[in-house]
Amino acid sequence: MVGEEGAFVLGWDEVLTEEELSVTLKVLCMSEEEFREYKEQDGWEDDSEEEENSTLSNEALSRLKAPCKKLLYDSVLLTLESYGSDLKAEQDLLNNKEAYEKLSRREQQALHVRYGQKRILHQLLELVR
């Protein structure tokens with residue numbers, strides 16, 4: 001369901017791998033009986049037209065059902081725990097000109113990437129809280 005990378009791609013305004021996330025949330029939040037029924041349908045593509053045309057914008061994420069929100073929230077927390085530092089530590093390093101300039105160009109770029117990733121994840125936490 002998630003593809004080869006095993007990850008979802010989130011942007012500032014929406015989920016960029018929305019189909020994968022929608023299907024994953026739908027399946028993971030189903031009861032065993034609902035899952036059996038869903039599998040027995042004519043195929044995974046037979047969702048309602050409303051679901052097919054919906055996008056997972058930030059607004060749509062904030063309107064997800066409680067079980068899906070909890071699943072996303074817990075997943076984001078686990079992802080944030082996998083980093084070696086928190087958002088504040090990254091922000092402090094970015095704001096400390098002397099410490100920042102001691103980093104190699106590659107370390108500076110990595111810092112910016114990590115900081116951006118963490119900001120998006122924190123935004124998602126707020127949306128699904």
Side-chain angles (χ1 to χ4, degrees):
M1 279 183 282
V2 183
E4 292 179 24
E5 296 296 317
F8 301 107
V9 181
L10 306 170
W12 284 110
D13 300 318
E14 64 188 11
V15 176
L16 303 177
T17 53
E18 64 184 276
E19 183 177 344
E20 292 90 343
L21 182 59
S22 291
V23 171
T24 300
L25 287 174
K26 183 175 184 176
V27 169
L28 291 175
C29 291
M30 287 179 177
S31 68
E32 191 174 330
E33 182 179 323
E34 289 171 325
F35 179 69
R36 225 176 298 127
E37 289 175 16
Y38 190 68
K39 270 182 30 178
E40 290 171 1
Q41 288 180 357
D42 290 338
W44 292 87
E45 301 299 321
D46 290 348
D47 290 335
S48 71
E49 198 170 302
E50 178 183 312
E51 288 178 3
E52 287 178 9
N53 293 329
S54 67
T55 60
L56 282 179
S57 65
N58 286 350
E59 183 180 329
L61 287 170
S62 67
R63 291 190 316 258
L64 288 173
K65 293 179 182 175
C68 291
K69 281 183 166 185
K70 173 137 179 53
L71 182 61
L72 270 178
Y73 189 87
D74 292 345
S75 298
V76 170
L77 287 179
L78 285 171
T79 301
L80 286 169
E81 287 175 8
S82 72
Y83 286 96
S85 60
D86 63 9
L87 182 65
K88 182 165 176 12
E90 305 288 3
Q91 193 169 26
D92 290 346
L93 186 53
L94 283 167
N95 291 333
N96 184 336
K97 187 176 180 178
E98 185 178 312
Y100 179 79
E101 289 177 355
K102 289 181 181 177
L103 300 174
S104 70
R105 181 75 178 134
R106 185 178 174 135
E107 290 170 323
Q108 290 173 354
Q109 291 171 338
L111 173 62
H112 284 281
V113 169
R114 282 192 317 271
Y115 180 68
Q117 290 171 339
K118 290 175 187 177
R119 286 187 57 210
I120 289 172
L121 290 170
H122 279 275
Q123 175 181 285
L124 182 56
L125 282 177
E126 292 299 316
L127 290 169
V128 297
R129 188 174 285 202

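For the side chain to side chain contact (heavy atoms under 4.5 Å, CB included) with Val15, the qualifying choice from Leu56, Asn58, Leu72 is Leu56, the only one to do so.
Rounding to the nearest 0.5 Å gives a distance of 12.5 Å between CZ of Arg36 and CE of Met30. A distance of 12.5 Å separates CG of Leu25 from NZ of Lys69, quoted to the nearest 0.5 Å. Residue Leu64 holds its CG atom at 9.5 Å from CG of Leu127, rounded to the nearest 0.5 Å. Leu71 contributes atom CG, which lies 14.0 Å from atom NZ of Lys65 (distance to the nearest 0.5 angstrom). Taking CG of Asp86 as the reference point, atom CD of Glu81 lies at 11.5 Å (rounded to 0.5 Å).
In terms of the side chain to side chain donor-acceptor pair (under 3.5 Å) criterion, residue partners of Glu107 (sequence neighbours excluded) are, by chain and number, Ser104. For Glu126, the side chain to side chain donor-acceptor pair (under 3.5 Å) criterion is met by Arg129, not counting sequence neighbours. Scored by the salt bridge (charged side-chain N to carboxylate O under 4.0 Å, His left out) test, Glu34 finds no partners at all (sequence neighbours excluded). Annotation: salt bridge (charged side-chain N to carboxylate O under 4.0 Å, His left out) contacts of Asp13 (sequence neighbours excluded): none. The salt bridge (charged side-chain N to carboxylate O under 4.0 Å, His left out) search around Glu101 returns none, not counting sequence neighbours. Not counting sequence neighbours, the partners of His112 by the ring pair (Phe, Tyr, Trp, His ring centres under 6.0 Å) test are Tyr100. Not counting sequence neighbours, the partners of Asp74 by the side chain to side chain donor-acceptor pair (under 3.5 Å) test are Lys70. With sequence neighbours left out, the side chain to side chain donor-acceptor pair (under 3.5 Å) criterion links Arg106 to no other residue. Taking Leu93 as the reference, Ala99, Leu103, Leu111 meet the side chain to side chain contact (heavy atoms under 4.5 Å, CB included) condition, with sequence neighbours excluded. Scored by the salt bridge (charged side-chain N to carboxylate O under 4.0 Å, His left out) test, Lys88 finds Asp92 as partners (sequence neighbours excluded).
For the pair Glu59 and Arg63, the salt-bridge criterion is met [side-chain N within less than 4.0 Å of a carboxylate O].
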Below 3.5 Å, can you tabulate the donor-acceptor pairs from side chains in residues 117-125 to any protein atom, sequence neighbours excluded?
residue: Gln117; atom: OE1; partner: Tyr83; partner atom: OH; Å: 2.8
residue: Lys118; atom: NZ; partner: Ser85; partner atom: O; Å: 2.6
residue: Lys118; atom: NZ; partner: Ser85; partner atom: OG; Å: 3.1
residue: Lys118; atom: NZ; partner: Glu90; partner atom: OE2; Å: 2.6
residue: Gln123; atom: NE2; partner: Trp12; partner atom: O; Å: 2.7

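Note on Leu80 and Leu87: separate hydrophobic clusters, where clusters join Ile, Leu, Val, Met, Phe, Trp and Tyr whose side-chain heavy atoms are under 4.5 Å apart, directly or indirectly.
Summarising the hydrophobic clusters (Ile, Leu, Val, Met, Phe, Trp, Tyr; side-chain heavy atoms under 4.5 Å, direct or chained), the residues clustered with Val9 are Leu16.
Phe8 and Thr17 make their closest contact through CA-OG1, 3.4 Å (heavy atoms, listed as atom of the first residue, atom of the second, distance).
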